[in-house]
Amino acid sequence: VAQYFGHIHGKTAYRDDQDIRHTVDTGGLLKNATALFQGLRREMFAPRVDERVYVYLSTPEHDYVYPTDRATAEMARPLRVKAPEQSIFATFALISQRDVSEIGDDLRSYEGTEMDGLVLGWQWTHPVDANTPTLPAFPETRYARGIW
Amino acid sequence: MVAMHDALEKLPEWKELIQPFKPVARYYETMDILLYLNADMSYRADRVDEWLTLLWHPYKKDLIGIQLKGFRCVCRRNALLAGIAKDDEIFLPLAALVASRFLKEEAEALIGAASNERRERREVLMQKYDLATAFVARENARVSVSELRRAA
């Protein structure tokens, strides 16, 4: 969840090692994406969904995580840590009109903002391409086609 | 309107977030993956093939989990899994699942490939599948019937 706010939404808060709270606007996914692909080379939950998935790639310097030791709500505050080594942040989304139209009416408009897509998931993908460090290794085995 | 970072700070009110971490295999429908992690932390996803992904510690060479992708399709194609999903309280060892997939589906593709390519690919794949199988066997990782039902 902390990764979603930090890397995809863009507006987040974290506590440093002095327990001082910082708010930060990372710009989120749309500002920081360095490459976009369409299509996953693997099966998804329904036929042809794999073809419609868009993959946004970015290379943030930091990661946002919850501490592993969080016995109380006070301890469960996001931290900013260095990004995992040799990794690209990948966000998987459905943005076609068809997919957006299938989102329930109650979700499609959130506090007056119309939704343009559905984020399916995100992860740090490892390792990076030896020649193009903004891409994961062997992108052609992972994704069907590059958009930009 | 509540600022997103304020919403984030309120997340600890979700009881789940401060529950002690328990390693379990969980099915995530939106990405159609079965995910098993033995540590409560971020990970680096290292793709092996269209079915298996190894999950590494963010900064160390420690395997901390695996992802099985396209899990719904596999459950629906596999009569044994579909049968188990109708049963009660059965836990299926993840090690068996990883190994059986390799034997049934990867082996066929490897037999069909040209000999040099086949040898190289087989070696790399076998190492990674061995790693995953040994990891989940060591962890005694199992998938519960309720997760199988969600996938099936």
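Proteins get letters first, then strands, A, B, ... in listed order; numbering begins at 1 in each.
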>> Run the side-chain hydrogen bond (donor to acceptor under 3.5 Å, both in side chains) test against B/Q127 and tell me which residues pass, sequence neighbours left out.
In response: none
>> Checking B/N140 now: which residues fulfil side-chain hydrogen bond (donor to acceptor under 3.5 Å, both in side chains) with it, not counting sequence neighbours?
In response: B/R142
> Do A/K11's NZ or CZ and the ring of A/F5 fall within the cation-pi criteria of under 6.0 Å and 45°?
Replying inline: no
> Distance only, no hydrogens: is a donor on one side chain within 3.5 Å (strictly under) of an acceptor on the other, for A/D63 and A/H7?
Replying inline: yes
>> Does any backbone or side-chain atom of B/R44 lie under 4.5 Å from a heavy atom of chain A? Answer side chain, backbone, both or neither.
In response: both
> What part of B/F21 gets closer than 4.5 Å to chain A, counting heavy atoms only: side chain, backbone, both or neither?
Replying inline: neither
> How would you list all residue pairs meeting side chain to side chain donor-acceptor pair (under 3.5 Å) that involve residues 131-148 of chain A, not counting sequence neighbours?
Replying inline: A/Q38-A/R145
> With a 6.0 Å cut-off on ring centres, are A/W124 and B/Y43 close enough?
Replying inline: no
> For chain A, which residues from residues 30-39 of chain B lie under 4.5 Å away (heavy-atom distances)?
Replying inline: B/T30, B/M31, B/D32, B/I33
>> Please classify the contact between A/Q123 and chain B as side chain, backbone, both or neither, with a heavy-atom cut-off of under 4.5 Å.
In response: side chain
>> So for A/A83, is it side chain, backbone, both, or neither that comes closer than 4.5 Å to the heavy atoms of chain B?
In response: backbone
>> Set out, in order, the CA-CA distance, both residues' side-chain angles and the distance that settles side chain to side chain contact (heavy atoms under 4.5 Å, CB included) for A/L40 and A/Y54, then state yes or no.
In response: CA-CA 8 Å; A/L40 285 181; A/Y54 284 81; over 6 Å; no
>> Tell me whether A/D99 is salt-bridged to A/R52, with the criterion being a basic N under 4.0 Å from an acidic carboxylate O.
In response: yes
> Who wins among B/P58, B/G70, B/S42, B/A45 for the most heavy-atom pairs under 4.5 Å with chain A?
Replying inline: B/A45
